[in-house]
Amino acid sequence: MDALNKKSIEDIDVRGKKCLVRCDFNVPLNGKIITNDKRIVAALPTIKYLMENGAKVILCSHLGRPKGQYKPEFSLAPVAQRLSEYLNTDVKLAEDKEVVGANARKMASELADGEVMLLENVRFRQEETNNSENFSKELASLADIFVNDAFGTAHRAHCSTTGVAAYLPAVCGFLIQKEIEFMGGALANPKRPLVAILGGAKVSDKIGVITNLIEKCDTIIIGGGMAYTFMKYLGHSIGTSLLEADWVEKAGEMMKAAEEKGVKFLIPVDNKVGKEYSENTEAMIVNSDEIPDGWMGLDIGPASQKLFVDAIKGAGTVIWNGPMGVSEWKNFEAGTVAVAKAVAESGAISIIGGGDSVAAVTKLGFADKMSHISTGGGASLEFLEGKELPGIMALNDK
């Protein structure tokens, strides 16, 4: 997938042009209060660039799951207000239940260069997620250029992510451009050694990623709940640890494939195990082949931490997706903390994806030491699998 060759807003003349910009304003709300506006802040560079270069800016996004119906609790009104504060200008919301209605059309036609407006939640329309031609055409009718800056939804073929691109010149904003540069670059032409750290609960979620990365990596590190399926393949007793019994053979195949390719494939050599799945359970450290019956692995142990940290130390590029244990619990966060610290201090190009890893590096204060923190959970996983993301493929090539 040649995602690296897509046009961005800097490759076209936007002055005086109406730009429909697909952002990811899917922010958490408590009633009408935005509890975390990181996604709004992330969109600002693209919006400011367009404003400063004289574009007429029409923003659109989804929010939550209104399931194709107008539901006021999913209105983007709070987002319009927050944007107005950040941009120091009045960002008007076109309050049309049908998204592209009389208000939106009038507002778009009256926009002056450098002005910004926001459409209502695109998922108020059933057609959005069905990628129906009629809604794509309605959205396109408002603008001269389509700008996609929502990496978090780039793996979905919806009207506002791909459908519109059939009717307008389509380019990416700075957020998607950064994702493509870092993630695409890490896979296509990485600074070596390339080390991938994969954690989280399930092997089944990461099969495609591991299979693709075996072709590209020098070292693969496996932690989290998914590690126990690999241990089971090696014949270890894993007590009551998380196990996907149907995937044991597949886990073995992947280990063999890595070996044949000369890729180091590291799984934990010791674990911090607990009596039950609870934060303050009785816990102890045991070797990976000695987990007693009735105990479950909840984090990697100190020897595994050392093994993984040593592998990360010399890396040129690190891709990390998923924690090493139940990292939201103080008693079982040590493995994830050790890995986060090692990645931060490695000097490698570091790419962090997946909500739990992002939360871990942010909580530990390492976020600003990472080269790139991906904004898309599912999208970044599919990208790492080598899948073509519709929202990126729909953009014009340079």
Side-chain angles (χ1 to χ4, degrees), residues 195-206 209-210 219-234 236-244 247-248 251 255 264-313 318-346 350 352-367 370:
V195 177
I197 309 160
L198 298 168
K202 294 180 166 175
V203 183
S204 52
D205 290 345
K206 304 255 166 70
V209 177
I210 297 170
T219 302
I220 292 178
I221 295 173
I222 303 284
M226 64 194 254
Y228 300 97
T229 300
F230 290 93
M231 290 178 209
K232 184 75 176 173
Y233 169 75
L234 295 176
H236 298 344
S237 67
I238 59 167
T240 52
S241 305
L242 199 65
L243 171 68
E244 288 184 283
W247 295 97
V248 173
M255 291 177 87
K264 281 195 200 127
F265 200 95
L266 305 179
I267 65 169
V269 290
D270 65 344
N271 309 270
K272 188 171 186 181
V273 297
K275 235 355 201 184
E276 54 199 36
Y277 188 77
S278 91
E279 184 160 7
N280 299 308
T281 182
E282 187 187 336
M284 60 181 181
I285 307 287
V286 294
N287 288 336
S288 288
D289 53 357
E290 292 172 354
I291 297 176
D293 289 350
W295 289 72
M296 63 175 70
L298 296 171
D299 194 9
I300 59 172
S304 305
Q305 288 171 35
K306 186 178 182 322
L307 176 72
F308 293 0
V309 167
D310 288 345
I312 294 163
K313 266 184 189 152
V318 177
I319 296 170
W320 179 19
N321 191 302
M324 297 295 99
V326 191
S327 60
E328 61 271 27
W329 291 347
K330 201 96 191 113
N331 278 343
F332 299 99
E333 69 173 10
T336 304
V337 172
V339 165
K341 195 165 180 293
V343 174
E345 290 169 359
S346 66
S350 48
I352 316 298
D356 292 333
S357 328
V358 174
V361 297
T362 308
K363 185 177 91 177
L364 300 164
F366 292 125
M370 305 300 173

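Nothing here was measured: the structure is a model prediction, and the numbers come from that model.
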Identify the two heavy atoms, one from D270 and one from S288, that lie closest to each other, and give their separation to 0.1 Å. N-OG, 3.3 Å
Can you sort out the partners of K264 under salt bridge (charged side-chain N to carboxylate O under 4.0 Å, His left out), two or more places apart, ordered by chain and number? none
Positive for side-chain contact (heavy atoms from CB on, under 4.5 Å) with S304, one of D299, V339, V269: V269
Taking the side chain from T229 and the backbone from E244, do they hold a donor-acceptor pair closer than 3.5 Å? yes
Is the backbone of N331 close enough, under 3.5 Å, to the side chain of K272 for a donor and an acceptor to pair up by distance? yes
Using a 4.5 Å cut-off on heavy atoms from C-beta on, say whether the side chain of F308 contacts that of P268. yes
Just verifying a value: how many Å separate I267 CD1 and M231 CE, rounded to the nearest 0.5 Å? 5.5 Å
Rounded distance (nearest 0.5 Å) linking atom CZ of F265 with atom OG1 of T219: 11.0 Å
Tightest non-hydrogen contact, residues S357 and P323, listed as OG-N, 4.2 Å
Heavy-atom pair of closest approach, residues V248 and K232: CG2-CG, 4.0 Å
Quick one: salt bridge (charged side-chain N to carboxylate O under 4.0 Å, His left out) partners of K202, sequence neighbours excluded? none
Working to the nearest 0.5 angstrom, can you tell me the gap between Y228 OH and L242 CG? 9.0 Å
Pairwise distance CZ(F366) to CD1(I352) - rounded to 0.5 angstrom: 11.0 Å
W320 and its side-chain contact (heavy atoms from CB on, under 4.5 Å) partner, picked from I312, L198, V358, V361: V361
Please round to the nearest 0.5 Å and tell me the distance separating atom CG of L243 and atom CE of M296. 12.5 Å
Among I222, I197, V337, which residue meets the side-chain contact (heavy atoms from CB on, under 4.5 Å) test with M324? I197
List, one per line, each side-chain donor-acceptor pair under 3.5 Å for residues 274-285, sequence neighbours excluded.
from : atom 1 : to   : atom 2 : distance (Å)
E279 : OE2    : K330 : N      : 3.4
T281 : OG1    : K275 : N      : 3.2
T281 : OG1    : E276 : N      : 3.1

Specify the closest pair of heavy atoms between S350 and V343, including all atoms of both residues, with the distance to one decimal. CB-CG1, 3.6 Å
Supply the atom-to-atom distance T336 OG1 to Q305 CD, rounded to the nearest 0.5 angstrom. 9.0 Å
